[in-house]
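Structure record follows, encoded as structure tokens.
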Amino acid sequence: MYLKLTIIAAFVFSFAACGDNMGETDTRLSDVKALIEPVDGKSIVLEPSVSAEIYFEWAYADVKESGTAVYQIAFDRADGDFSSPVYVMSSDNNGFNNSVRITHKQMNKIAGMAGAKASETCTLKWMVFSSKGLKTVKSGQVHTITVTRLAGFEDLPIDVYLTGEGSEGGTDLSKAHKMKAVAGGDFEVYTRLAGGKPFYFTDGTTGSLREFYTSDGLIKENGTSTVPADGIYRITLDFNTGACTYTLVTRIMFYFSPDGAHLFELPYEGYGIFRAKAQTVTFKQEGWGRDERYKFRMFVKENGGSGEEKEWEWATLNSTDSRPTPTSPESYYYLRLLNTTSQWEDKWKLMADFDGVPADYTLYLQADLPYTHSITK
């Protein structure tokens, strides 16, 4: 009986200790007192590299005895008061970290939203909102950051074509080589170029067209470009940042995983198609059966062909460990490009019908279809 009374008394005491907000969310929260990185007034010239980023950090908010705050970083114009910020985003770890990494490409867009034009320098204010329950407070500090925008384009083209004397289609616009849109404002193409002969890019093939060319790693308007030597090139254009790259493709090889060997080359045929005709692959006999695993290796020289030769890999977009059948979905053959190589990872398997049988092996790196390949008799 004494034990029961003790338990009841303890329960009543603990209930009373909860006070008047029993069952309510504890929203006691102070503002973020200090912004740590970057220092106030820091200036940054934005770079087009996908890995370039800016690190923002601030002090944790005081949430008293219980709960956790979540954070959002906010940017506004130099004369703004954050009543309507130009951009707000959660911190890393879904808002729970007291920091966030923002890429230069993201910051370039934020500066554009604040009114800065391509290549212009602008000053932004930034601060932090901390939230707990339904309560949100502004940080006690506001910092400024000055950024110089990338040389991108405000009006992004929807389609881009490669044309001109040095291109595969020559000066006939109806034969211009369409580039693949890999993201909004980002394009790439695998194409043959003639060394020393002019070519350029357009946003269409009929009507009133915008024209672009490349120089010193940047996209510019109304001019022509050249490459120093004949070859097959992978060209990328990023109209968001104004950046471009030219990579010389020296060859694409069929890679047979069981032997860890390149068996034959897929010559370039034109307009993004590489094909090896009447090639024979004999599966390797193992104790457990016949091994038929394969993928493709692409040898490249970056910086327009001036870099050292590297080996990249065309591998499975959709991982598989099964042989295909005549009714397998087209997606079985989809490709993705890796700048690393391995013997066994991200491979396909040949159908049993191709064991020791001549066949055509074709890669399709074209604009209006997923990058894919086929094996046909």
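Residues take their numbers from the sequence shown, with the count starting at 1. Only this structure's heavy atoms are used, side chains among them; waters, hydrogens and symmetry mates stay out.
Aromatic rings of Phe239 and Phe153 (six-membered ring for Trp) have centroids within the 6.0 Å cut-off, being under it. Between His373 and Phe254, the ring centre distance reaches or exceeds 6.0 Å. In this structure, Trp314 has its ring center no closer than 6.0 Å to that of Tyr255. Taking the centre of each ring, Tyr333 and Tyr371 stay at or above the 6.0 Å mark. Between Tyr268 and Tyr190, the ring centre distance reaches or exceeds 6.0 Å. Aromatic rings of His262 and Phe299 (six-membered ring for Trp) have centroids within the 6.0 Å cut-off, being under it.
Looking at Tyr233 and Val227, their side chains come closer than 4.5 Å, going by heavy atoms from C-beta outward. For the pair Val160 and Thr202, the minimum side-chain heavy-atom distance is 4.5 Å or more. With a 4.5 Å cut-off on side-chain heavy atoms, Arg77 and Cys122 do not count as touching. Contact of the Glu57 side chain with the Arg101 side chain is not registered, since no non-hydrogen atoms from C-beta on lie closer than 4.5 Å. Between Val281 and Glu292 the shortest side-chain heavy-atom distance does not fall below 4.5 Å.
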Pair Asp155-Arg210, salt bridge (charged side-chain N to carboxylate O under 4.0 Å, His left out): steps then yes or no: CA-CA 11 Å; Asp155 185 12; Arg210 297 169 67 191; 3.6 Å; yes
Check against side chain to side chain donor-acceptor pair (under 3.5 Å), Thr325 and Thr327: CA-CA 5 Å; Thr325 69; Thr327 59; 3.1 Å; yes
Trace of the salt bridge (charged side-chain N to carboxylate O under 4.0 Å, His left out) decision for Asp291 with Arg293: CA-CA 6 Å; Asp291 196 341; Arg293 289 172 284 184; 2.8 Å; yes
Criterion side chain to side chain donor-acceptor pair (under 3.5 Å) on Thr123 and Thr144, from CA distance to verdict: CA-CA 7 Å; Thr123 298; Thr144 63; over 6 Å; no
Side chain to side chain contact (heavy atoms under 4.5 Å, CB included) between Thr250 and Val300, worked out: CA-CA 6 Å; Thr250 59; Val300 301; over 6 Å; no
Full working for salt bridge (charged side-chain N to carboxylate O under 4.0 Å, His left out) between Lys175 and Glu168: CA-CA 8 Å; Lys175 297 180 180 178; Glu168 290 188 30; over 6 Å; no
Steps toward side chain to side chain contact (heavy atoms under 4.5 Å, CB included) verdict (Ser139, Asp31): CA-CA 5 Å; Ser139 58; Asp31 60 330; 5.5 Å; no
CA sep, side-chain torsions, deciding dist, call: Asp40, Lys42, side chain to side chain contact (heavy atoms under 4.5 Å, CB included): CA-CA 6 Å; Asp40 191 21; Lys42 186 176 181 65; over 6 Å; no
Check against side chain to side chain contact (heavy atoms under 4.5 Å, CB included), Leu350 and Phe283: CA-CA 9 Å; Leu350 290 166; Phe283 298 178; 3.6 Å; yes
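Residue Gly152 comes nearest to Ala118 through the heavy atom pair O-CB, 3.0 Å, listed as atom of the first residue, atom of the second, then distance. Across all non-hydrogen atoms, the minimal contact from Ser374 to Tyr364 is OG-OH, 3.3 Å. The two atoms that bring Val100 and Ser90 nearest to each other are CG2-O, 3.9 Å, heavy atoms only. Considering all non-hydrogen atoms of both residues, Asn108 and Leu150 come closest at OD1-N, 2.8 Å. Annotation for Lys132 and Leu29: closest pair N-CD2, 3.7 Å, computed over non-hydrogen atoms. In terms of heavy-atom proximity, Pro48 sits nearest to Ala243 at CB-CB, 3.6 Å.
Taking the ring axis of Phe82 as reference, the NZ or CZ atom of Lys138 does not stay both within 45° of it and closer than 6.0 Å to the ring centre.
Screening Glu309, Glu265, Glu311 against Arg297 for a salt bridge (charged side-chain N to carboxylate O under 4.0 Å, His left out) leaves a single residue, Glu311. No option in Tyr361, Phe296, Phe274, Tyr294 other than Tyr361 meets the ring pair (Phe, Tyr, Trp, His ring centres under 6.0 Å) test with Phe264.
When atom types are taken as modelled, the side chain of Ser225 and the backbone of Thr214 share a donor-acceptor pair closer than 3.5 angstrom. Not a single donor-acceptor pair under 3.5 Å links the side chain of Asn93 to the backbone N or O of Gly95. Of the possible donor and acceptor atoms, one in the side chain of Arg149 sits under 3.5 Å from a partner among the backbone N and O of Ala116. The backbone N or O of Ser83 lies less than 3.5 Å from a partner atom in the side chain of Asp81, making a donor-acceptor pair.
Cluster annotation: Phe56 and Tyr60 are assigned to the same hydrophobic cluster (Ile/Leu/Val/Met/Phe/Trp/Tyr, side-chain heavy-atom contacts under 4.5 Å, transitive). Note on Trp126 and Tyr55: separate hydrophobic clusters, where clusters join Ile, Leu, Val, Met, Phe, Trp and Tyr whose side-chain heavy atoms are under 4.5 Å apart, directly or indirectly. Hydrophobic clustering, with ILVMFWY side chains joined whenever heavy atoms are under 4.5 angstrom apart, keeps Trp58 apart from Met127. Tracing side-chain contacts under 4.5 Å through hydrophobic residues (I, L, V, M, F, W, Y), one never reaches Val182 starting from Ile235; they form parts of separate clusters. Taking hydrophobic clusters as Ile, Leu, Val, Met, Phe, Trp and Tyr residues chained together by side-chain heavy-atom distances below 4.5 Å, Leu193 does not share a cluster with Ile232.
Between the side chains of Tyr334 and Thr316, not a single donor N or O lies within less than 3.5 Å of an accepting N or O.
Taking 4.0 Å as the cut-off between side-chain N and carboxylate O, Lys295 and Asp346 do not count as a salt-bridged pair. The existence of a salt bridge linking Lys180 and Asp368 is excluded, since no basic side-chain nitrogen approaches an acidic carboxylate oxygen closer than 4.0 Å. Between Glu308 and Lys301 there is no salt bridge, since no side-chain nitrogen of the basic residue lies less than 4.0 Å from a carboxylate oxygen of the acidic one. Under 4.0 Å is where a charged nitrogen must lie from a carboxylate oxygen, and between Arg275 and Asp360 no such pair does. With respect to Lys125 and Asp79, no salt bridge is recorded, no charged nitrogen being found less than 4.0 Å from a carboxylate O.
Rounding to the nearest 0.5 Å places CG of Leu218 at 11.5 Å from CG of Leu237.
The aromatic rings of His177 and Tyr271 sit tilted relative to each other, their planes meeting at an angle between 30° and 60°.
When the shell of 6.0 Å around CD of Glu330 is examined, it contains 12 or fewer heavy atoms from other residues, nucleotides or ligands. No more than 12 heavy atoms of other residues, nucleotides or ligands shown are found within 6.0 angstrom of NZ on Lys197. With a 6.0 Å radius and a threshold of 12 heavy atoms from other residues, nucleotides or ligands, Lys178 has its NZ atom above the threshold.
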